[in-house]
Amino acid sequence: MEDRLLTRDGKLLISYLLINSIPVGYMNVVPLVYLAEIGYDPSVIGFIYAASALANTAGLIPFGYLADRYGRKWFVVIGSLIPFVSFAIFGLTLNPAWLIFAGALGGIGFAGGFAFAIVNPAFIPLVANSTSAKKRTTFFGVTQGVWTLALSIGAVLSVLPSTIEYVFHQGSMAAHSDSYFLMAGMMVVSIVPLLLYEETRVPGRDAGIIPDMLPYVAKRRLDWVRIRLPVTSWGRIMRFSVVFALTGVGLGVLIQLLPTWFALRFGVSEDEVGLWIGLANAASIIAIPLIPRLVRRRGILVASAISAISSTVFLGVMPFAGTFEGAAGLFVVRSVLEAMGWAMLLSYTMGVVEEGERATTTAIAFTAWGVGATVGTFAGGELLGAGLLYLPFVIGVVAYVAASASLLVLFGKSKPPEEV
């Protein structure tokens with residue numbers, strides 16, 4: 001592996017991520033506000049986005065195993081095309097049942113539904129494999145920055161419906177529909193860089209047995225599961241699952257439905273919400289040069305936990321802000337700190353597992369994350385629907401702090417290779 005931060009394959013993955021994530025950023029703002037504006041109960045909106053997390057959870061483990069065994073690139077390609085159908089459904093109907101189906105299918109919400117269950121277990125290991133171990137954490141920071149930049153562009157594009165209304169003299173419903181179709185087309189364009197990506201296969205993975213598992217072949221039938229599922233340390237993965245599950249609860253109960261909370265709490269439009277969420281995502285880019293410095297001083301594990309806990313402090317103060325601008329400003333600071341913590345957590349996860357196990361590990365950990373996000377989003381929607389606008393913050397803050405504390409307690413003695 002070249003000891004360069006940006007290899008050819010790394011550049012292709014970044015190009016894909018940038019184009020692919022813009023529609024995700026758009027769909028994480030506009031429907032959440034627009035559906036509330038036209039009279040949808042917040043609990044129904046929560047159900048649409050919770051369906052996304054639930055479907056994501058159901059598909060992660062099998063697709064993670066398959067990606068480790070048969071290669072990862074084409075799983076990312078296929079999964080990236082599925083949201084085309086979801087966005088088209090949003091453009092064709094406002095029927096709640098169809099919107100719930102579209103949410104489950106993919107491309108809606110941070111979990112991304114069934115589509116992202118195919119993509120994420122394969123994509124994260126591709127990122128880890130596209131640079132050296134020494135540069136891995138910094139490269140994860142770069143991809144985190146590109147992802148947040150793309151989300152910010154998508155959020156700022158929340159002005160698209162009003163622009164279409166003004167320029168083409170269309171009604172609000174037609175303008176929103178056209179914007180969803182544009183996002184669907186962008187998802188198709190995003191796979192072009194992936195088609196140029198050249199995946200390096202890991203010896204032994206094609207047969208379903210990685211080299212470290214070969215000594216098990218001669219053992220008793222009891223080891224059949226370990227041979228077929230390329231995972232050598234179930235205990236470590238279960239510990240990661242605890243951390244990811246708690247993080248999922250915090251995201252689901254609060255962050256996923258934050259645009260709806262802004263609309264309910266301050267009566268703001270999707271244009272205003274999109275602008276500030278876009279600013280929050282764009283500001284996260286400043287975290288990129290800070291990540292390697294913080295890691296050198298504290299170590300990746302402690303640095304990740306410190307960043308995550310610091311971000312939670314700003315999140316907890318948001319309900320006490322008297323204005324929309326004040327609450328949104330706190331969210332901007334929180335987003336910068338959270339982006340640092342999340343990038344370091346992903347890099348750490350990939351660093352302490354075998355290369356041939358990375359997709360499976362990602363799948364299991366993100367399944368736990370999806371369970372937490374599903375429960376959290378259901379709960380968040382119900383709480384907002386009942387007018388309890390402060391309780392989601394209490395639950396979210398507790399979940400995030402518990403996740404950071406669990407990371408330190410469960411992995412305090414485990415270091416990635418570059419820190420040994």
Side-chain angles (χ1 to χ4, degrees), residues 24 27-29 31-33 35-36 40-58 60 100 103-104 108-113 116 151 241-266 273 276-277 280-281 308-321 327-328 330-331 334-335 337-339 341-342 345 365-407:
V24 177
M27 298 301 287
N28 270 327
V29 175
L32 283 162
V33 179
L35 293 176
Y40 265 65
D41 189 286
S43 63
V44 177
I45 300 174
F47 201 96
I48 294 171
Y49 282 77
S52 170
L54 183 62
N56 178 266
T57 302
L60 279 167
I100 291 170
I108 311 298
F110 288 110
F116 283 15
L151 293 184
S241 297
V242 172
V243 176
F244 276 70
L246 290 168
T247 303
V249 171
L251 180 136
V253 76
L254 184 54
I255 304 303
Q256 179 65 85
L257 300 174
L258 197 61
T260 302
W261 182 83
F262 278 133
L264 295 174
R265 175 70 175 83
F266 298 106
V273 174
W276 277 94
I277 291 182
N281 290 327
I309 292 174
S310 300
S311 72
T312 305
V313 172
F314 289 92
L315 191 67
V317 179
M318 281 180 59
F320 303 102
L330 290 168
F331 182 69
R334 176 264 172 193
S335 297
L337 295 168
E338 189 274 339
W342 185 245
L345 176 60
F366 271 88
T367 295
W369 179 88
V371 171
T374 301
V375 173
T377 307
F378 273 123
E382 292 296 328
L383 292 173
L384 294 181
L388 301 173
L389 302 186
Y390 295 97
L391 193 53
F393 283 86
V394 175
I395 299 173
V397 166
V398 170
Y400 276 126
V401 171
S404 298
S406 298
L407 182 64

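Atoms considered below: every heavy atom in the structure, side chains included; atoms not considered: hydrogens, waters and symmetry mates. For clarity, every value in this text was computed on a predicted model and none was experimentally measured.
- More than 12 heavy atoms of other residues, nucleotides or ligands sit less than 6.0 Å from atom CZ of F266.
- Partners of F262 under the ring pair (Phe, Tyr, Trp, His ring centres under 6.0 Å) rule, at least two apart in sequence or in another chain, are F324.
- Checked against side-chain contact (heavy atoms from CB on, under 4.5 Å), A368 has the following partners two or more places apart in sequence or in another chain: S241, A245.
- Considering all non-hydrogen atoms of both residues, L246 and A399 come closest at O-CB, 3.5 Å.
- In this structure, S311 and L337 approach most closely via the heavy-atom pair CB-CB, 3.6 Å.
- Of all the heavy atoms in T57 and A53, the pair that sits closest is OG1-O, 2.8 Å.
- At least one side-chain heavy atom of W342 sits less than 4.5 Å from a side-chain heavy atom of L345.
- Remark: A51 engages I100, A104 in a side-chain contact (heavy atoms from CB on, under 4.5 Å) (not counting sequence neighbours).
- Shown here are the side-chain contact (heavy atoms from CB on, under 4.5 Å) partners of A280, two or more places apart in sequence or in another chain: F331, V332, S335.
- Proximity of a side-chain donor or acceptor of N56 to a complementary backbone N or O of S52 within less than 3.5 Å is not detected.
- For F244 against A365, the heavy-atom pair with the smallest separation is CB-O, 3.3 Å.
- In this structure, Y49 and P31 approach most closely via the heavy-atom pair OH-CB, 3.5 Å.
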query: What's the verdict on side chain to side chain contact (heavy atoms under 4.5 Å, CB included) for I48 and L35, showing C-alpha distance, side-chain angles and the deciding distance?
result: CA-CA 11 Å; I48 294 171; L35 293 176; 4.0 Å; yes
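- Side-chain contact between P42 and L257: absent, with no pair of heavy atoms (C-beta onward) separated by less than 4.5 Å.
- Counting only residues at least two apart or in different chains, side-chain hydrogen bond (donor to acceptor under 3.5 Å, both in side chains) contacts with residues 243-265 comprise N28-Q256.
- Remark: V375 pairs with no residue by the side-chain contact (heavy atoms from CB on, under 4.5 Å) rule, at least two apart or across chains.
- Applying the side-chain hydrogen bond (donor to acceptor under 3.5 Å, both in side chains) test to every pair with at least one member in residues 366-390, sequence neighbours left out, gives no pairs at all.
- The ring pair (Phe, Tyr, Trp, His ring centres under 6.0 Å) search around F47 returns F378, not counting sequence neighbours.
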Derivation of the side chain to side chain contact (heavy atoms under 4.5 Å, CB included) call for E338 and L315: CA-CA 10 Å; E338 189 274 339; L315 191 67; over 6 Å; no
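- The shortest non-hydrogen separation linking F116 to V24 is CZ-CG2, 3.7 Å.
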Pairs under 3.5 angstrom only: tabulate donor-acceptor contacts from the side chains of residues 248-255 to other protein residues two or more places apart or in another chain.
none

